[in-house]
Structures are given as structure tokens and as C-alpha cells.
Protein chains: 4
Amino acid sequence: MRDGTATKNKINRVAMELFAEQGVTETTTKDIASGAGIAEGTIYRHYKSKDELVKKLFLSLYEEQGNYLRDIAASEKDPKQKIADMIARFCQLFAEDKALFTFLLLTQHGQLKEVPDDMVTPVVVLRDMIAQGQGIGIIKQGDPDLMAAMVLGVVVQPAVFHVYGRLTQDYKSFTQDLTEAAWGVLGLT
Amino acid sequence: MRDGTATKNKINRVAMELFAEQGVTETTTKDIASGAGIAEGTIYRHYKSKDELVKKLFLSLYEEQGNYLRDIAASEKDPKQKIADMIARFCQLFAEDKALFTFLLLTQHGQLKEVPDDMVTPVVVLRDMIAQGQGIGIIKQGDPDLMAAMVLGVVVQPAVFHVYGRLTQDYKSFTQDLTEAAWGVLGLT
Amino acid sequence: MRDGTATKNKINRVAMELFAEQGVTETTTKDIASGAGIAEGTIYRHYKSKDELVKKLFLSLYEEQGNYLRDIAASEKDPKQKIADMIARFCQLFAEDKALFTFLLLTQHGQLKEVPDDMVTPVVVLRDMIAQGQGIGIIKQGDPDLMAAMVLGVVVQPAVFHVYGRLTQDYKSFTQDLTEAAWGVLGLT
Amino acid sequence: MRDGTATKNKINRVAMELFAEQGVTETTTKDIASGAGIAEGTIYRHYKSKDELVKKLFLSLYEEQGNYLRDIAASEKDPKQKIADMIARFCQLFAEDKALFTFLLLTQHGQLKEVPDDMVTPVVVLRDMIAQGQGIGIIKQGDPDLMAAMVLGVVVQPAVFHVYGRLTQDYKSFTQDLTEAAWGVLGLT
DNA sequence: TATGAATGAGCCTTCATTCAT
DNA sequence: GATGAATGAAGGCTCATTCAT
């Protein structure tokens, strides 16, 4: 194969799934290689180290999520609807790719400090949107960083429980309840 | 010392702190031993393996939290106040011992499956309390497991952000906001 | 065994011999371990890395040679006799421990730059002795560093040939010839 | 390019320089390839293996030096002058191409055993010349192999020191001193 | 109970070599 | 002849665990 892109994509996908399943440290380069159907050394043609693989994977996926939310935040809709859209999108994403979410979740401890200051992250987008809503008097007052954290918690914690098997229904069926809860937190009536 | 209890306590405390700081896999038995001022082999007089240390540490601390919440839930107060008390207690705990919370947080991914069915956990206590509140018509209807997850998220996610340095104020100052948000989620007016 | 000194000595000796025989890079930590009859990991209880092992081994042996020569240089004899004594000592050393010499020889490229400025090395002792002999008019004039190099060459190069099998007689039988040649270089009649 | 000669020459030159600088084992085929501005695989169009590259490089360069000396030895001059000419030539060579000398020096340990018996090497030429001089009573008696080694040492060791930075003057300025020292070793008055 | 030297399986990584293009 | 992605054996090193003292 002249072009190594397919190989790199395979590495990325397999690595993410294994990291999600067993944790980063617990996943060996051998695991990744055999999962991707390649030799162990091949990983190192695409990444300088396992560490770089983890870092780049996290950062690119994390930013991707930020971009999705930013697009929603940029729409013409009112804050209440934007929150609903974001949550709907999150539920769908999670239902479609639980591994992605799990990877992001358990890699953050250790990687979050690597996030460049100017990166568009889900948290920043949410916080800005809340601040905006407060500006026009629709969202109740309070530290927007704290409120963003709380809204995120409302959405993420059930997902965590889902990952751990404590909640088993299709995640999309939670969309309505999660949305209402988020509204409750923000004082959106 | 004839009695090894002091040694064991030192191991427990140091281990928890190191686990919280660097992660479980990243913490070596050597780290723990030198942190506790003992020889490496001594750990194995108190625990069969590092794995057992992690497991027992997690379960005992996790259960301890459950017991605290259970005591609050058993009081005579009404659900709304109980929620407030629980959150106040969580905020205080977190402010006093961030390492404990961090340890519990990032160890759950591997240990939650080890929790015996009959153990009193924070989640179970919260869920039962919500169900009870729904029974007497004070808390709004909905899957109590999901609602417990959401309330937990409201409280835990800001703590996570605090651990990651994204929120820096004294955690106890959030108590009021967190309580109101939890009420909002549960439809407690 | 309570005391790891014997193990460390074994490592040192075996490492030196293998390094001399096959080169440093070509000698694996596994080679050393199995040669010393220990586990691979044991090496790392005594040295932080293979690199440190090489460095410390070289430096300590190199300095030891310097000390021997320094003792000879400190004697009451005249320069001509001192040269003879040094060469006699070198011949004996080489005859007794070819591996030591070979190790020193082929490790210098790479380690010589690690020698601290204040270390007593064979070269420095020789150079100072030559300078002294020049001072009292017994040794002919010229850059003492260059002359030290030449005298060293006279003694060392035959040893190198011996190592490579190009000279096969007992090295001590060369003592007289080497001494006269060294005198010739220094103009000692 | 139809003809790969230019590529091969580039490989040879770059390899020699890198080998001299960092050692053979420490130099990777990747280093050589990127230094020569070619792809890694291309080396294998010209050499069966890295090992073969080292071997052929060493032997051809080593023999080349032997040929130079042989030409000098074949002249009409007297032994004393021949020695002077050889040393002058060595000094010039070293001054012009330190890498070549260094490569030859530190590769000998592994390659000398590969030298065919009938090859004209610097050592053999020197030895024969000494024997001849002894035959006509100009050079003092003694094992010619040993004497060749000593003369070589006089010339080579200062060069080694130069490589290691212990001697820093222009090497050609040593010519006269080296020559006199060699004469001293051989008893040429 | 406590020690700490020793173990050895296994991890991450390097690198000479191959081969389809 | 040249390329460069892929290979896989092997190397240095770590670390949970054991055991004689």
C-alpha cells in the first residue's frame, strides 16, 4: 500500500476502543497492533510513542466534539432550543459510539492539561452559551463556569452510569428527561 | 510495634493520595512504600497484592460514603431538606479531602463492578430517597435511577472541574447553587 | 544474601569481560545477567541503566590506572627509571588482565569526554612526569602533551596488536624493548 | 540516473562520516539514508546488508592506505627518508580527512579479523620496510612486528588524542616531532 | 512484623530488512 | 534503480511479587 492513511485510521479506531474498554495504561501496544492486524513496529511509523498516540487521539476527538457544539451554538435559535439541540446531539452521539465517549471520559484525567488555551472545547462552548443566555435575561444568574459544569454533569453522569451498566435503556430515550433537567438547572422555564 | 495497624493505616492513606495524584497503575508499590516510610515487602504483610489494596481501599471508602448518606436519609426531615443536607455534606467532604474524592472518582472505572449487590452505596441511597419523594408526590415523576444519576452529575461534575483546575473557588461556596440546581432537576420548588 | 556487594562485583567483572570481548553495544543486559548468574532486573538494583554501568565501570578503572602510575611517579627515582617502572607495570597488568585493558581501550571513544577535569588519569600523570623531566634537562624539549601521547602509543599499540592476535608472545617479554623505545622517543640516553 | 554510482558514493561517504562520528552500531540505516538524501530501501540496492557496507568500506579504505605506503616504500630513498615520507603522508591525510582516520580506528576492532591474508595493509608494509632496514644494518635489531607496532603507536596515538580533543594544534605541525620519535624508536640516528 | 535483594514476565521502542509499487 | 510502508526480532528497562534473614 502506497499510502499509510488507512493503517493510521485503523490504529486510531482500535486504540480508542481498547483504551475505552481497558484503560490506557492497561492497553499494550501489542494489543493495539494485533487488534489492528498490523505489526507492533508499524504503530511507530505513525506515532512517535504510545503517549503521543493517546494525546493526539484525545485532542482531536475532544476538539471535534467542541466543533459540533459550536455549530449548534451558532444557529439562530433561542438558548432554550440550543440546549435541547446540544443534548439531543450528545444522546445520539453516545448511542452511536459509546467507546468514543468512554475514551474521552477516562482519558481526560491526564490529558485535559494538554488542551491548548485557544482550543474550542465542549465546555467552553457551553459556558459561553450560558453567559449569553444570562446576558439577555433568559438564563438565571450565577457563575457560568459552575452552571456549565452542572449542566454537563446532568448529561454526562447518566452516560457514565450507562457505561458501567447501571442504566441500560437506549440512551436516546433519555433525551427529553435530560433536556428538562438541564433547563431546570438553568432556570429555563 | 507489635501491632501493625499504624503501618496499615499509613499505607492506606499514602496509597490513596498517590492513586489520586497519579492514577492507580502509575503508582508503584515502591512509591507507596517510600511514601509510607516502609520497605516494599512490608506492603505484602498487609495486603496480598496491590490489586487487593486498591479493591479494599475503594470498597471501604465507597461504602463509608454510602453510610454517611444513609444516615442523612434516615432523618426525620423532608426530601427537599435531605437533598440539601446531602449536598452540604458532599461539599464539606470534598473541601476537606479532595484526594479521597479524586481517588473514588478515577478508580470507579475498574472497581464499580466489584461492588457487592447488597452494599449501601451513595447511588443507591440517593435513588431510594428520590423514589420515596416521588411516592409522596413531592418529587416529579421519572425513572429514579436516571434522576439519581442526574442529581449526582450536578454535584460531581463541578467537583471534577475543581480537581482539574477549571473551577478554583472554595467548593463550599457552591453549596447553595448546587442545591438549587438539584432541586431544579427533581422539580422541587 | 543480606549484602548486594558480591552481586555488584560479579556484574562489574562479567560486564567488563563481555564489553571487552564483543563491544559495549553488542553486549546485552541479558548477556551480562546470564553471565553473572543473576536475573536481568537485578542489574538495575545496582545501576540505573546500562549506560551508567558502562560509565562508572570505565571511570573507576581508568582512575585506578591513573593512581597506580601516580604512585610510581611519586617515588624517589629518576625519570628514566620511572618510565621503566611504569612500562613494567603496564606490561604486567596487561599480561594479567587483558580484558581490563581491552575494555578501557575500546570504551574510551565515548567515555573520555565524561572524565572530570580533576581526575588523575594515566595520561595526565605521564604528561606531568615528562614536563618535570624536561624541567631538569633530562628529557628533550617539545610539547609534553604530544610526547606523552607518543610514549603512550609506543606501549599501547603493541598491546592492541596483541589483542587482535597480531602479536602473540607473552607481553612481559616486550618490557625491555618497549622501555628502550620510550626512552628513544624522549631522548633519554 | 541510469547509473547508481553517484548514489553509492554518497552512501559510502555519508556512512563513513557517521560511523566516525557516532560509531557503527550507533549509526542507523535511516541516518545514512537521510544523510545521503535517499530512501532507506535504496541502501539495499547497493549493499546486501549494513554489515556488508561496513566491511567493504573498511577493507577498501584500509587497503587504500596500504597502497599509499607501499608506493612510498617502493621508492629509491633510504629507510630513514622513507619513514619520514610515510609520516608526512599520514599527517597530511589525517589533517585532510579526520573522519577517514577515525572510522578506520574505531572499526578495526570488529573488522581486522576480516582482512585477507594477502592484502597489502599499512602494518605489513611498515613491518617489511623495517625488516629490510634491519637487513642492511641501518635499523636496530628486534622483532619487526613489535617495532612496526611501536612506530605505528607513535604516529597514531597523538592522532587519537587529536580526535578526542586532547591535542588541538594542526596535525601537520607535529610532523617533525613524530618523525624524530619514530627514528628514536628504530634507532635511526 | 519488617526488610530489601532478587526475580522474571512483559512493556515500549528501535532498527535492519523486505517488497509491492 | 528508487521508494517508503510494513515487518518482527530483540533490546533496555520497570515493577509487582517472593523469600531468606
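So you know, we letter chains A, B, ... as the sequences are listed, proteins then strands, and number each from 1. Heavy atoms only: backbone and side chains are in, while hydrogens, waters and symmetry mates are out.
Note: NZ (D/K8) to P (F/dA2) measures 11 Å, nearest angstrom. One interatomic measurement links the two molecules: CD of C/E52 to P of F/dC13, which rounds to 10 Å at whole-angstrom precision. Computed from coordinates, the A/K48 NZ to E/dT14 P distance equals 10 Å when rounded to whole Å. Between B/I43 atom CD1 and E/dG4 atom C1' there is a gap of 12 Å when expressed in whole angstrom units. A/K50 has its NZ atom 4 Å from the P atom of E/dC12, to the nearest Å.
Annotation: proximity of residues 11-38 of chain B to DNA chain F (heavy atom, distance under 4.0 Å) is found for B/T27, B/T28, B/T29, numbered in ascending order.
Note on B/R45: every side-chain N or O is 4.0 Å or more away from OP1 and OP2 of E/dA2. The phosphate of E/dA16 (OP1 or OP2) has no side-chain N or O of D/S49 nearer than 4.0 angstrom. Between A/H46 and the phosphate of F/dA6, there is a side-chain N or O to OP1/OP2 separation shorter than 4.0 Å. A sub-4.0 Å separation between OP1 or OP2 of E/dT1 and a side-chain N or O of B/T42 is absent. Using a 4.0 Å cut-off, no side-chain N or O of C/Y44 falls inside it from OP1 or OP2 of F/dT14.
Relative to the six-membered ring of D/Y47, D/K8 meets both conditions, a distance below 6.0 Å and an angle of at most 45° to the axis.
Here the side chains of B/H109 and A/V160 are not in contact, with every heavy-atom distance at 4.5 Å or above. At least one side-chain heavy atom of B/R13 sits under 4.5 Å from a side-chain heavy atom of B/M16. Annotation: side chain of A/T102 is not in contact with side chain of A/F19 (no heavy-atom distance under 4.5 Å). By the 4.5 Å heavy-atom criterion applied to side chains, B/T27 and B/E21 are not counted as neighbours. Contact check for C/D31 versus C/V14: no side-chain heavy atoms found under the 4.5 Å cut-off.
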Query - Pair pattern of DNA chain E in dot-bracket, where unpaired bases get dots and | marks partners in another strand, Watson-Crick or G-U under 3.5 angstrom - result: .||||||||||||||||||||
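When all heavy atoms of C/T25 and C/K50 are compared, the pair lying nearest together is O-NZ, 3.8 Å.
Looking at C/E40, its side chain comes within 3.5 Å of the base of F/dC13 through a donor and an acceptor atom.
Between C/E40 and C/K30 there is a salt bridge, since at least one side-chain N of the basic residue sits less than 4.0 Å from a carboxylate O of the acidic one. The pair D/D51-D/K56 does not meet the salt-bridge criterion, since no charged nitrogen lies less than 4.0 angstrom from a carboxylate oxygen.
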